[in-house]
Amino acid sequence: MEAAALDPRSLYRLPWSMADNAIAWYEPTAMCNLACEGCYRENVKDSHQPLDAVRRDLDTFKRLRTSDCMNIAGGDPLLHPDIVAIVAEVKRRGWKPIVVTNGILLTPELLKDLKRAGAYGFTFHVDSKQGRPGRWRGKSEQELNELRTEYAAMLADAGDLVCTFDCTVYDDTLQEVPGLIAWAHRHIDIVQNMVFITIRQLDADMPFDWSADGRPVARDEVVYFADRRAPALVSTDLLRVAREAFPDFTPCAYLNGTERPDTFKWMLTERVGTTRDVLGYAGPKFLELVMTAHHLFTGRYLSHLPPRPRGVRAAVFALAPFDAGLRRAAGRLLASFVRSPLNLFRRAYFQTVMFIQPVDVLPGGEQNMCDGCPDMTIWEGRLVPSCRLGEMTRFGALLVSTPRAPA
């Protein structure tokens with residue numbers, strides 16, 4: 001399929017590295033209560049890390065990587081009997097704890113305990129291929145917006161928590177992406193981030209042999225093996241369908257691939273608006289100023305704005321001289337005030353829309369990873385990409401792909 005054209009030179013390349021990053025990723029359990037079609041992790045019953053091991057891993061993170069937030073994931077971390085204590089340990093070490101969950105086990109009571117322990121926010125993975133139980137089984141992405149709204153409202157009621165949604169995108173759900181972007185805008189006051197991740201799978205038609213540390217690996221030994229062939233999606237496919245619905249939709253920053261610098265492994269769009277209108281899209285200079293200033297004053301790159309930042313309009317006007325995207329937003333703000341002075345009292349918000357393209361295998365067998373990977377995790381005292389942690393736990397090494405010799 002034809003992807004949208006995008007020149008990386010027009011965007012801000014996020015300055016993240018393995019040692020100095022906005023984000024870190026930790027999995028205290030591999031156990032989950034769902035079986036998502038696109039999951040890259042093996043569901044391992046009773047795989048909860050004891051608290052002593054959690055503390056050691058967090059200390060290793062502290063030594064090896066500077067980051068602003070710590071995503072506590074899995075598996076589903078809410079299954080871990082010590083999840084409240086884990087959040088407190090993350091907070092104690094100075095990170096913003098973000099709980100990454102499918103949300104099934106989250107109750108107002110547990111939410112209150114997690115917030116008291118220091119939780120900064122939650123990332124809910126919700127998509128139509130999860131096999132959710134009960135009334136959500138078989139629901140489309142648009143129908144699942146009701147569930148997304150329930151989770152977002154729960155966080156809003158608790159107050160001062162960042163709300164993020166992840167959605168894996170498949171070839172047959174690609175056209176639903178604009179509807180989810182529109183839903184996120186309608187809830188810009190309580191949803192801070194909307195993340196779309198293209199499906200990653202190893203299918204039977206890929207012309208490669210696979211090995212780990214020199215040992216051949218059968219494809220059906222790999223958790224993310226798929227026996228069906230589906231079109232490979234990239235982040236610019238998501239951009240194309242977004243722009244078909246919203247022509248002004250404009251990314252401002254990206255992470256490139258390790259093997260292909262012109263690929264957009266993480267593509268970030270920052271929009272400013274009210275629940276009624278999208279006022280504009282921040283440009284690359286805005287994010288460069290934010291990242292540079294935050295690192296200058298705190299020693300860390302920024303991962304999340306506060307859930308309900310004040311002074312959004314003031315920030316738009318103050319930074320408009322430096323950023324073309326914010327200049328357009330400032331113009332629309334002024335025009336809205338002229339139309340109706342009451343718009344002065346309508347609150348404005350920033351909201352991030354992210355497209356993520358996982359590892360892809362190039363024709364020569366090279367595996368194109370995210371350069372400056374934000375989601376590095378810990379395995380046996382070292383940093384490894386979380387999307388490939390299952391390879392380390394099952395084979396003790398990352399998989400190598402080699403073009404298959406002609407028959």
Side-chain angles (χ1 to χ4, degrees), residues 4 6-15 22 152 162-165 177-196 235 238-254 264 266-294 301-355:
L6 192 64
D7 186 347
R9 294 171 297 181
S10 68
L11 307 181
Y12 173 55
R13 198 287 184 186
L14 293 164
V162 166
C163 181
T164 301
F165 286 93
V177 167
L180 300 187
I181 293 175
W183 170 84
H185 168 235
R186 291 194 299 273
H187 297 87
I188 195 172
D189 56 332
I190 58 174
V191 175
Q192 286 72 45
N193 308 288
M194 189 77 203
V195 182
F196 299 92
S235 57
L238 306 183
L239 178 61
R240 174 179 56 79
V241 297
R243 282 180 166 171
E244 287 172 357
F246 314 107
D248 291 341
F249 190 90
T250 307
C252 63
Y254 76 107
F264 302 93
W266 284 49
M267 185 191 299
L268 186 153
T269 300
E270 193 72 30
R271 58 186 177 183
V272 58
T274 67
T275 53
R276 180 179 296 176
D277 301 303
V278 174
L279 299 169
Y281 296 86
K285 288 300 179 184
F286 165 77
L287 205 64
E288 184 174 3
L289 287 167
V290 169
M291 284 289 168
T292 302
H294 195 272
Y301 291 114
L302 180 66
S303 63
H304 292 280
L305 289 169
R308 294 176 64 85
R310 298 187 179 275
V312 170
R313 287 190 179 90
V316 169
F317 286 118
L319 297 178
F322 307 99
D323 185 271
L326 290 187
R327 283 196 292 275
R328 288 189 287 272
R332 289 174 180 171
L333 271 172
L334 288 173
S336 73
F337 299 158
V338 171
R339 286 196 308 272
S340 171
L342 291 177
N343 285 328
L344 183 63
F345 303 100
R346 187 177 295 277
R347 192 163 182 178
Y349 305 87
F350 286 112
Q351 186 181 67
T352 301
V353 180
M354 182 83 76
F355 299 152

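All residue numbers refer to positions in the sequence shown, counting from 1. Every value quoted in this text rests on a predicted model; they were computed, and no experiment measured them.
If you take CZ on Phe165 and CG on Leu180, they are separated by 10.5 Å, rounding to the nearest 0.5 Å. Atom CZ of residue Arg339 and atom CZ of residue Arg332 lie 10.5 Å apart, to the nearest 0.5 angstrom. To the nearest 0.5 Å, atom NE2 of residue His185 and atom CZ of residue Arg271 are 6.5 Å apart. The CG atom of Leu287 lies 11.0 Å from the CG atom of Leu319; values are rounded to the nearest 0.5 Å. Note: Glu270 CD to Tyr281 OH = 11.5 Å, rounded to the nearest 0.5 Å. Note that CE of Met194 is 13.0 Å distant from CD1 of Ile188, once rounded to the nearest 0.5 Å.
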Between Leu6 and Leu11, is a side-chain contact (heavy atoms from CB on, under 4.5 Å) present by the stated rule, with each step listed?
-> CA-CA 9 Å; Leu6 192 64; Leu11 307 181; 3.7 Å; yes
Would you check, one step at a time, whether the test side-chain contact (heavy atoms from CB on, under 4.5 Å) holds for His304 with Asn193?
-> CA-CA 9 Å; His304 292 280; Asn193 308 288; 3.5 Å; yes
Dump the intermediate steps for side-chain contact (heavy atoms from CB on, under 4.5 Å) on Tyr254 and Leu268, then the final yes or no.
-> CA-CA 6 Å; Tyr254 76 107; Leu268 186 153; over 6 Å; no
Walk me through it: do Arg328 and Asp323 pass the test salt bridge (Lys or Arg N to Asp or Glu O under 4.0 Å)?
-> CA-CA 9 Å; Arg328 288 189 287 272; Asp323 185 271; over 6 Å; no
Begin with the C-alpha distance, continue with both residues' side-chain angles, and end with the deciding distance and a verdict on side-chain contact (heavy atoms from CB on, under 4.5 Å) for Thr269 and Thr352.
-> CA-CA 6 Å; Thr269 300; Thr352 301; over 6 Å; no
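Judged purely by atom type and a 3.5 angstrom limit, Asp7 uses its side chain to pair as donor or acceptor with the backbone of Arg9. Panel note: side chain Gln192, backbone Cys163; a donor-acceptor pair is recorded below 3.5 Å. Side chain of Ser10 to backbone of Pro8: no donor-acceptor contact under 3.5 angstrom is found.
The heavy-atom pair separating Ala330 from Ala320 by the smallest distance is CB-CB, 4.2 Å. Scanning all heavy atoms of the two residues, the minimum distance from Pro178 to Val241 falls at CG-O, 3.3 Å. Minimum interatomic distance between Thr292 and Glu288 (heavy atoms only, all atoms of both residues): OG1-O, 2.7 Å. Between Met267 and Ser235, the closest heavy-atom pair is CE-OG, 3.6 Å. The nearest pair of heavy atoms linking Ala318 to Phe322 is O-CE1, 3.8 Å. Heavy atoms only, all atoms of each residue included: Thr274 and Ala348 are closest at CG2-CA, 4.3 Å.
Looking at heavy atoms from C-beta onward, Pro251 lies in side-chain contact with Leu239 at the 4.5 angstrom threshold. The shortest distance between side-chain heavy atoms of Pro15 and Tyr301 falls below 4.5 Å.
Taking the salt bridge (charged side-chain N to carboxylate O under 4.0 Å, His left out) definition, one finds that Arg13 meets it with Asp371, sequence neighbours left out. The ring-ring contact (aromatic ring centres under 6.0 Å, His included) test applied to Phe355 returns Phe196, Phe249, not counting sequence neighbours. Qualifying ring-ring contact (aromatic ring centres under 6.0 Å, His included) partners for Tyr12, counting only residues two or more places apart in sequence or in other chains: none.
Under a cut-off of 6.0 angstrom, the local environment of CZ in Arg186 is crowded, with over 12 non-hydrogen atoms contributed by other residues, nucleotides or ligands.
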